Amino acid sequence: MNRRKLLTTAVIALAMSAAPALAADIVIKFSHVVAPGTPKGKGADKFKELAEKYTAGKVAVEVYPNSQLYKDKEELEALQLGAVQMLAPSLAKFGPLGAKEFEAFDLPFIFPDKEALYRVTKGEVGKAMLNKLADKGITGLAYWDNGFKIMSANTPLKTPDDFLGLKMRIQSSKVLEAQMKALGAVPQVMAFSEVYQALQTGVVDGTENPPSNMFTQKMHEVQKHATISNHGYLGYAVIVNKAFWDGLPADVRGQLEKAMAEATDYANSIAQEENDKALQAMKDSGKTEFHELTDAERKAWVDALKPVYEEAAGRVGADTIQAMQKAAAGN
Ligand code: LMR
């Protein structure tokens, strides 16, 4: 081997042996329970893309969708234990952590539209709620949008009477439990990953979800009726293990904050469209019959669900509910 060739070979060998050192120093496992093609799934993938770009590969983000790693309750425990670093659970799932205030987001008809919601999530009330997670070992980074929920079952759900005796799957929120009870239904807490099968086999009769979740889990294939009631909101808080986050080099944390801010704008900008597309696709499939509430039907739902507020005040706190209502109204 001549000298030049030897040198080239040595340089290549050196580069190859150095390759592992070029791999990411920091790995963020981002676990979630929904399909990649949902607003949250797409937001997580966008965060991965931007985080890896802004940290020039120092950070690798591994996204695990569809409850691949953990189901609802387990993922929160895994985050606190440091087995995963990042999650975006729905706001309805923070109660079991001891952060009951988040259940105020589940109150029926509390947000007339997305603008009212944003006045909460982008304002002081939303910020204060995220800060409350610190003593649970969690840092709240952002709110991500999904959408307003529709109710589904195998029988039409036009008036509150139609819910009588139906077994309805809910997320682990006491406000949602009270909501279903107020409608005369029997609420059943169940992990998201189990809902399709439970609907298919009749373990539960119905559920509530934004269209994007209903469609990507194929729930429309096992639910004959759905009512576009928009009676409640489902969105997320993106959270990280606090010790992990605080332990990051300040420059890396800054780059990740920038990636999170942009991923948040992206996720929130696509949420409505993703839900509109999912609803249209389900309508086109012809498997589920969709019903829009008349004004009189809507009023009957609103009246039937009023007691949920009193019930929630005792647990979530009347102050929390009032602060949210005030912020939502822009006062
Ligand atoms: C549900 O369990 O219905 C939702 O929280 C799933 C999700 O993360 O959107």
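Both backbone and side-chain heavy atoms feed into the values below; hydrogens, waters and symmetry mates do not. Atoms within a ligand are numbered from 1 in the order they appear, just like the ligands themselves. Predicted model only: the values in this text are computed from it and were never measured.
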Q: Would you please write out the protein residues whose heavy atoms approach any atom of ligand 1 to under 4.0 angstrom, listed by chain and number?
A: V33, V34, K40, S90, K93, R169, Q171, F192, N209, N213, L234, Y236
Q: Check side chain to side chain contact (heavy atoms under 4.5 Å, CB included) between I270 and all other residues, then give those that pass, not counting sequence neighbours.
A: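 Result, side chain to side chain contact (heavy atoms under 4.5 Å, CB included) vs I270: K42, Y266, E274.
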Q) For A191, what residues pass the side chain to side chain contact (heavy atoms under 4.5 Å, CB included) criterion, not counting sequence neighbours? A)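 Side chain to side chain contact (heavy atoms under 4.5 Å, CB included) list for A191, sorted by chain: K71, D72, S193, E194.
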Q: Indicate yes or no: at least one non-hydrogen side-chain atom of P249 is less than 4.5 angstrom from one of I26.
A: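 Side-chain contact under 4.5 Å: yes.
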Q.
Parallel, tilted or perpendicular: which one describes the rings of F30 and F47, with boundaries at 30° and 60°?
A. perpendicular
Q) Is there a path of hydrophobic side-chain contacts, each under 4.5 Å between heavy atoms of I, L, V, M, F, W or Y residues, that connects V238 with V120? A)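 No, separate clusters.
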Q.
Test question: given the 4.5 Å side-chain rule for I, L, V, M, F, W and Y, name all other residues clustered with V27, or answer none.
A.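 Besides V27, the cluster holds no residue at all.
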